[in-house]
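Written out below as structure tokens is the structure these notes cover.
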2 protein chains.
Amino acid sequence: MKKKEHKECMSALLPVRDTLDVIGGKWKLLILISIWEGNKHFREIERSIPKLSTKVLSKELKDMEENQLIIRTVLNGFPVRTKYTPTEHSKTLKKVILELQNWGINHRKKIFGDKSEKDNSISI
Amino acid sequence: MKKKEHKECMSALLPVRDTLDVIGGKWKLLILISIWEGNKHFREIERSIPKLSTKVLSKELKDMEENQLIIRTVLNGFPVRTKYTPTEHSKTLKKVILELQNWGINHRKKIFGDKSEKDNSISI
DNA sequence: TTCAATGGTTACCTAAAGGTAACTGGTTAC
DNA sequence: GTAACCAGTTACCTTTAGGTAACCATTGAA
């Protein structure tokens, strides 16, 4: 019976993996937040995040579109402009991010005995 | 003012990064769950997770000890045995994992239009 | 005409994560 | 003595994520 329980746990981890794939990596959350903040255009998003390269941004935006976190619209007009807008689905991530943030703050206290009670409120 | 808000967001992501470092990677959650389930010894944990190598397990257990998720005890006796036990701190992760799992389940529905209402309850 | 801006793509390289397998030192069972 | 168990370590290799920089086609401004 123990083995069965274990296998159930493993399959229960699949959705967890999915979520980690969506928000994991060095840039995904930065890009998502930038778009939530109102940055709409490719170069605008790129400039809003220091050290982010066009190549990585391009790839991550495609991923995020596939995951229905953003919608890509090509505006007719010249020069060609694209617009990236966040979906409602993307906003359901805020709760998850908040949970990750809270645990991280607590964890830091646990590890470093950080007694400084700074204002750590999120402002996404 | 917008720039300032953005920087605040970035620093708010630091604890998020911390959490993702703790639970990210291919094996960390599997190992943690295995220990939560009651597996205590090195080979026992190793055998409980298919395809996990001793090298990776060894490294991850060290990380997890540093992050105070587990306690490593060397039992005096021969052959030398070690015991890994989960901390209370590690258990505060369950809520986070549940949140990740719920979002992942919902996300899958969104992406694949999965209408099958399976029992997806977690049993950690 | 040359420069900068638009939204990207391409080729090449580095660093980190993870996989493979042999090996250590010690003990017990056959 | 030899095989198998314990808890790991070490050296080497592959795969993936990400970084660097040049480049494409298009337009409008100087």
Side-chain angles (χ1 to χ4, degrees), chain A residues 10 13 16-35 38-67 69-86, chain B residues 10 13 16-35 38-67 69-86:
Chain A
M10 298 303 160
L13 278 184
V16 178
R17 279 269 83 80
D18 288 344
T19 307
L20 291 177
D21 285 346
V22 169
I23 64 175
K26 195 168 174 181
W27 301 106
K28 288 196 172 68
L29 278 181
L30 275 320
I31 294 168
L32 191 55
I33 289 174
S34 173
I35 294 173
N39 294 311
K40 287 173 178 23
H41 307 291
F42 192 92
R43 296 294 179 202
E44 192 179 10
I45 298 163
E46 188 180 11
R47 276 192 303 264
S48 77
I49 303 170
K51 311 221 169 186
L52 171 60
S53 72
T54 61
K55 181 198 138 190
V56 171
L57 177 56
S58 170
K59 188 220 152 209
E60 298 295 37
L61 287 172
K62 275 176 194 161
D63 279 11
M64 290 166 70
E65 203 193 349
E66 272 182 22
N67 282 316
L69 300 184
I70 54 172
I71 294 166
R72 180 178 180 269
T73 329
V74 181
L75 306 172
N76 43 2
F78 300 97
V80 177
R81 302 210 85 191
T82 53
K83 194 180 71 178
Y84 294 94
T85 48
Chain B
M10 299 304 160
L13 279 183
V16 178
R17 279 269 83 80
D18 289 343
T19 307
L20 292 177
D21 285 348
V22 169
I23 63 174
K26 196 167 173 181
W27 301 107
K28 289 196 171 69
L29 279 180
L30 276 317
I31 295 168
L32 191 54
I33 289 174
S34 172
I35 294 173
N39 294 311
K40 288 175 175 24
H41 308 291
F42 191 91
R43 297 294 179 202
E44 192 178 9
I45 298 163
E46 189 180 9
R47 276 192 300 265
S48 77
I49 303 172
K51 313 221 168 187
L52 170 61
S53 71
T54 60
K55 181 199 139 191
V56 171
L57 177 57
S58 171
K59 188 223 152 209
E60 298 296 38
L61 286 172
K62 275 176 195 162
D63 278 12
M64 289 166 69
E65 203 192 350
E66 273 182 22
N67 281 316
L69 300 183
I70 54 172
I71 293 166
R72 179 179 181 270
T73 330
V74 181
L75 306 171
N76 43 2
F78 299 98
V80 177
R81 303 209 86 193
T82 53
K83 193 180 70 177
Y84 295 94
T85 47

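Each chain gets a letter, A, B and so on, in the order its sequence line appears, and its residues count up from 1.
- One atom, NE2 of His41(B), and another, P of dG8(D), lie 12 Å apart when rounded to the nearest Å.
- Counting only heavy atoms from C-beta on, Glu60(A) has its side chain closest to dG18(D) among dG18(D), dT6(C), dG8(D).
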Check the pair Met64(B), Asn67(B) against side chain to side chain contact (heavy atoms under 4.5 Å, CB included), reporting the backbone distance first and the verdict last.
CA-CA 5 Å; Met64(B) 289 166 69; Asn67(B) 281 316; 5.7 Å; no
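- Between Arg81(A) and dG8(C) there is no side-chain N or O to OP1 or OP2 distance below 4.0 Å.
- Rounded to whole Å, the distance from CD1 on Ile49(A) to C1' on dG19(D) is 16 Å.
- Counting only residues at least two apart or in different chains, salt bridge (Lys or Arg N to Asp or Glu O under 4.0 Å) contacts with residues 49-60 of chain A comprise Lys28(A)-Glu60(A), Lys59(A)-Asp63(A).
- Rounding to whole angstrom units, CD of residue Glu46(B) and P of dT20(C) are separated by 13 Å.
- Using a 4.0 Å cut-off, some side-chain N or O of Thr82(B) falls inside it from OP1 or OP2 of dG8(D).
- Rounded to whole angstrom, the span from the CG atom of Leu30(B) across to the P atom of dG19(C) amounts to 11 Å.
- Scanning all heavy atoms of the two residues, the minimum distance from His41(B) to Thr82(B) falls at ND1-O, 2.7 Å.
- The one candidate from Leu69(A), Ile45(A), Leu30(A), Thr85(A) that meets the side-chain contact (heavy atoms from CB on, under 4.5 Å) condition with Ile35(A) is Ile45(A).
- Regarding Arg72(A), its CZ atom lies at a distance of 13 Å from the C1' atom of dT6(C), rounded to whole Å.
- Glu44(B) and Lys40(B) get closest at one heavy-atom pair: OE1-N, 3.0 Å.
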Output a table of nitrogen or oxygen pairs between the protein and nucleotides 9-11 of chain C separated by less than 3.5 Å.
unit_1 : atom_1 : unit_2   : atom_2 : d
dT9(C) : OP1    : Lys62(A) : NZ     : 3.2
dT9(C) : OP2    : Ser58(A) : OG     : 2.6
dT9(C) : OP2    : Lys62(A) : NZ     : 3.2
dT9(C) : O4     : Thr54(A) : OG1    : 3.2

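- Atom CH2 of Trp27(A) sits about 7.5 Å away from atom OG of Ser53(A), to the nearest 0.5 Å.
- Between Arg47(B) and the phosphate of dC6(D), there is a side-chain N or O to OP1/OP2 separation shorter than 4.0 Å.
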Could you walk me through whether Ile31(A) and Leu52(A) pass the side chain to side chain contact (heavy atoms under 4.5 Å, CB included) test, one step at a time?
CA-CA 9 Å; Ile31(A) 294 168; Leu52(A) 171 60; 4.0 Å; yes
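- Between Leu52(B) atom CG and dG8(D) atom P there is a gap of 13 Å when expressed in whole angstrom units.
- Within the 4.5 Å cutoff, side-chain heavy atoms of Arg72(B) are placed close to those of Tyr84(B).
- Taken residue by residue, residues 19-28 of chain B places no heavy atom nearer than 4.0 Å to DNA chain D.
- Nucleotide dC5(D): paired with dG26(C) (Watson-Crick or G-U wobble, both distances less than 3.5 Å).
- The CG-P distance, from Leu57(A) to dA21(D), rounds to 18 Å in whole Å.
- Distance, Ile31(B) CD1 to dG8(D) P: 13 Å, rounded to whole Å.
- The heavy-atom pair separating Arg17(A) from Ile23(B) by the smallest distance is NH2-O, 4.4 Å.
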